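So that the names make sense, note that chain A is the first sequence line, chain B the second, and so on, each numbered from 1. The model shown is predicted, which means the values in this text are computed figures rather than measured ones.
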Number of protein chains: 2
Amino acid sequence: MSGSDKRQRGGERREQILEVALQLFAQHGMAHVSTRQIAQAVGISQPSLYAHFRTAHEISAELCIRAFETLYRRSIEVMAQPGTPLEQFRRLGRAYVDFGLDHPDMYRLAFMLEPPEAVSALVQQGKDPAMEAGESAFGVLRTVLARMLDADDETVELNAQSIWASVHGLTSLLIARPHFAWVDRERLIEHHLNRICAQID
Amino acid sequence: MSGSDKRQRGGERREQILEVALQLFAQHGMAHVSTRQIAQAVGISQPSLYAHFRTAHEISAELCIRAFETLYRRSIEVMAQPGTPLEQFRRLGRAYVDFGLDHPDMYRLAFMLEPPEAVSALVQQGKDPAMEAGESAFGVLRTVLARMLDADDETVELNAQSIWASVHGLTSLLIARPHFAWVDRERLIEHHLNRICAQID
DNA sequence: CCCGACAGGCTATCATTGATAGGTTGGCGG
DNA sequence: CCGCCAACCTATCAATGATAGCCTGTCGGG
């Protein structure tokens, strides 16, 4: 290998690349940012990126992981606030939707694109970090739901997956089809969460 | 322009290309099929494709439209069958999920990918055919829901969008994350539809 | 004080992708 | 018989992610 593996170094160049990439992604959309654009914005040559990341996907995957760590953190915060389990549950759903709308590219990467396309590099290491990060948040949902339902684990899991699907559905559709003739977004989100909550107890 | 516009011809070459492309898409996944592969499978040169389609996207968009026309047709069939509106509604939801799972690439194209990426060529003509086809099916949902709710149009629309989001959520997650630790798929789908139906009356 | 190791970067270069330019051919109507 | 034109073809682009191999500045040990 030409430049040896330096990815494990705490390097600030790597950090700088991630910052620049995040900004470019937010600006032009992840799909329309090339490695050359990132390199130029950083001020290095395009091949130099590969001294810090093995593939282009690894950059977005790394950003995705970090984004979902913030979702997880926010979920924990939400759960720490006082209120009935139902209120907590509702806030959790709201936090999830808001997260998706705040980080559409990361959300797409984690839950809307093909896994191989998104994180093949890391999946080959035996793990899917984006999923892991996302599933941490799913674990929070599972927990609060268990507290509410008082049912066996399998039933809790069944409900958790179904509810996740509902919340994801709205989030992902708003991301993927922003030009659809949606009713007022705020009203739709609230109504959607109402429907889901009403279902529970 | 080199070869003038021949796309409007009823040509069977065009049809043959679509057939071959569909098969390759199903086999390797749409994202991993190049125009050269399609051309070779058809038995023509890669540039010759552009005599029948303006862009590569146009091929997938065309297939997508056709797929969604079958969804629309199936929706109509479902509605024609006897039963209470709730029964019809439930069958409609089931048909929708089944459609997505049967045509994951087309579903992805219509509702999970960025519109520009998917159908930019046709959107530039002022219309998004994939969406149009999908929305025909959405119209069926709106209709049956209006029959059930007996509410003003805006409320019907609000509920229709929320319900669509829920059903889409499960469909798209099963497509995008087939390796997630799902509970039994059949049970999950049925439970999900139950939750949605229970919400309605 | 020099010198090897090496992190970090560079230029040159690939293969693959979608797409365009422009020439060739073969059948069909006037 | 001629010319049109649909349907091809080859050659070629530009952009993309990725690799090979060379150069350089810094830093610790002899």
Side-chain angles (χ1 to χ4, degrees), chain A residues 1-18 20-21 24-25 28-63 109 113-114 116-124, chain B residues 1-18 20-21 24-25 28-63 109 113-114 116-124:
Chain A
M1 202 169 284
S2 61
S4 54
D5 295 19
K6 3 198 151 163
R7 282 141 234 133
Q8 304 308 346
R9 225 178 44 82
E12 37 185 289
R13 247 301 143 76
R14 185 184 162 99
E15 219 57 35
Q16 186 194 358
I17 292 168
L18 288 170
V20 167
L24 286 175
F25 288 168
H28 307 108
M30 210 171 51
H32 305 101
V33 174
S34 70
T35 54
R36 280 167 178 80
Q37 288 174 54
I38 296 174
Q40 187 182 11
V42 171
I44 60 179
S45 75
Q46 181 252 358
S48 291
L49 290 178
Y50 292 83
H52 303 276
F53 302 90
R54 271 183 304 200
T55 70
H57 289 324
E58 202 175 282
I59 298 177
S60 29
E62 174 85 34
L63 288 173
L109 191 51
L113 300 180
E114 288 184 271
E117 193 176 336
V119 285
S120 61
L122 296 156
V123 164
Q124 282 166 11
Chain B
M1 203 169 284
S2 62
S4 53
D5 295 20
K6 6 201 148 158
R7 283 137 235 137
Q8 305 307 345
R9 225 179 43 84
E12 39 187 287
R13 248 299 143 76
R14 184 184 163 98
E15 220 57 35
Q16 187 195 356
I17 292 169
L18 287 170
V20 167
L24 286 175
F25 289 168
H28 306 110
M30 211 170 50
H32 305 102
V33 175
S34 70
T35 52
R36 281 167 177 81
Q37 288 175 52
I38 296 174
Q40 186 181 12
V42 171
I44 60 179
S45 73
Q46 182 253 358
S48 290
L49 290 178
Y50 292 83
H52 303 276
F53 302 89
R54 270 183 305 199
T55 70
H57 290 324
E58 200 174 284
I59 298 177
S60 27
E62 174 85 36
L63 288 173
L109 192 51
L113 301 180
E114 289 184 272
E117 194 177 334
V119 285
S120 60
L122 296 156
V123 164
Q124 281 166 11

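The distance from atom CZ of B:Arg36 to atom C1' of D:dC9 is 14 Å, rounded to the nearest whole Å. Between A:Glu12 atom CD and C:dG9 atom P the separation is 10 Å, expressed in whole Å. D:dA6 atom P lies 15 Å from atom CZ of B:Arg14, rounded to whole Å. Computed from coordinates, the B:Met30 CE to C:dT17 C1' distance equals 16 Å when rounded to whole Å. Taking atom CD1 of B:Ile44 as the reference point, atom C1' of C:dT25 lies 16 Å away to the nearest angstrom. Rounded to a whole Å, the CD atom of B:Glu15 is 17 Å from the C1' atom of D:dA7. Put simply, CD on B:Gln46 is 15 Å from P on D:dT12, counting in whole angstrom units. Rounded to a whole Å, the CD1 atom of A:Ile17 is 7 Å from the P atom of C:dG9.
Closest-nucleotide positions on DNA chain D for A:Pro47 and A:Gln37 were compared, and the one nearer the 5' end corresponds to A:Gln37. Heavy-atom distances to DNA chain C give each of A:Gly43 and B:Val33 a nearest nucleotide, and the one nearer the 5′ end belongs to A:Gly43.
For the OP1/OP2 pair of C:dC10 and a distance below 4.0 Å, the side-chain nitrogens and oxygens of A:Ser48 include at least one atom meeting the criterion. Distances shorter than 4.0 Å separate some side-chain N or O of B:Arg13 from OP1 or OP2 on D:dC8. Contact annotation: B:Ser45 does not reach the phosphate of D:dC8 (side-chain N/O to OP1 or OP2, under 4.0 Å). Of the side-chain N and O atoms in A:His52, one or more sit less than 4.0 angstrom from OP1 or OP2 of C:dG9.
As judged by a 4.0 angstrom heavy-atom cut-off over every strand, B:Ser34 is placed among residues touching the sugar-phosphate backbone only.
Of the inter-residue distances, the one linking B:Leu24 atom CG with B:Ser34 atom OG reads 9.0 Å to the nearest 0.5 angstrom. Distance OG/A:Ser45 to CZ/A:Arg36: 10.0 Å, rounded to 0.5 Å. Atom-to-atom distance recorded for B:Gln16:CD and B:His52:NE2 is 9.0 Å, nearest 0.5 angstrom.
In the set C:dA19, C:dC10, D:dC9, C:dA19 carries the atom at the smallest distance from any side-chain atom of B:Tyr50.
In this structure, the side chains of B:Ile44 and B:Ile17 come closer than 4.5 Å at one or more pairs of heavy atoms. Side chains of B:Ile59 and B:Glu62 form no contact here, defined as non-hydrogen atoms less than 4.5 Å apart.
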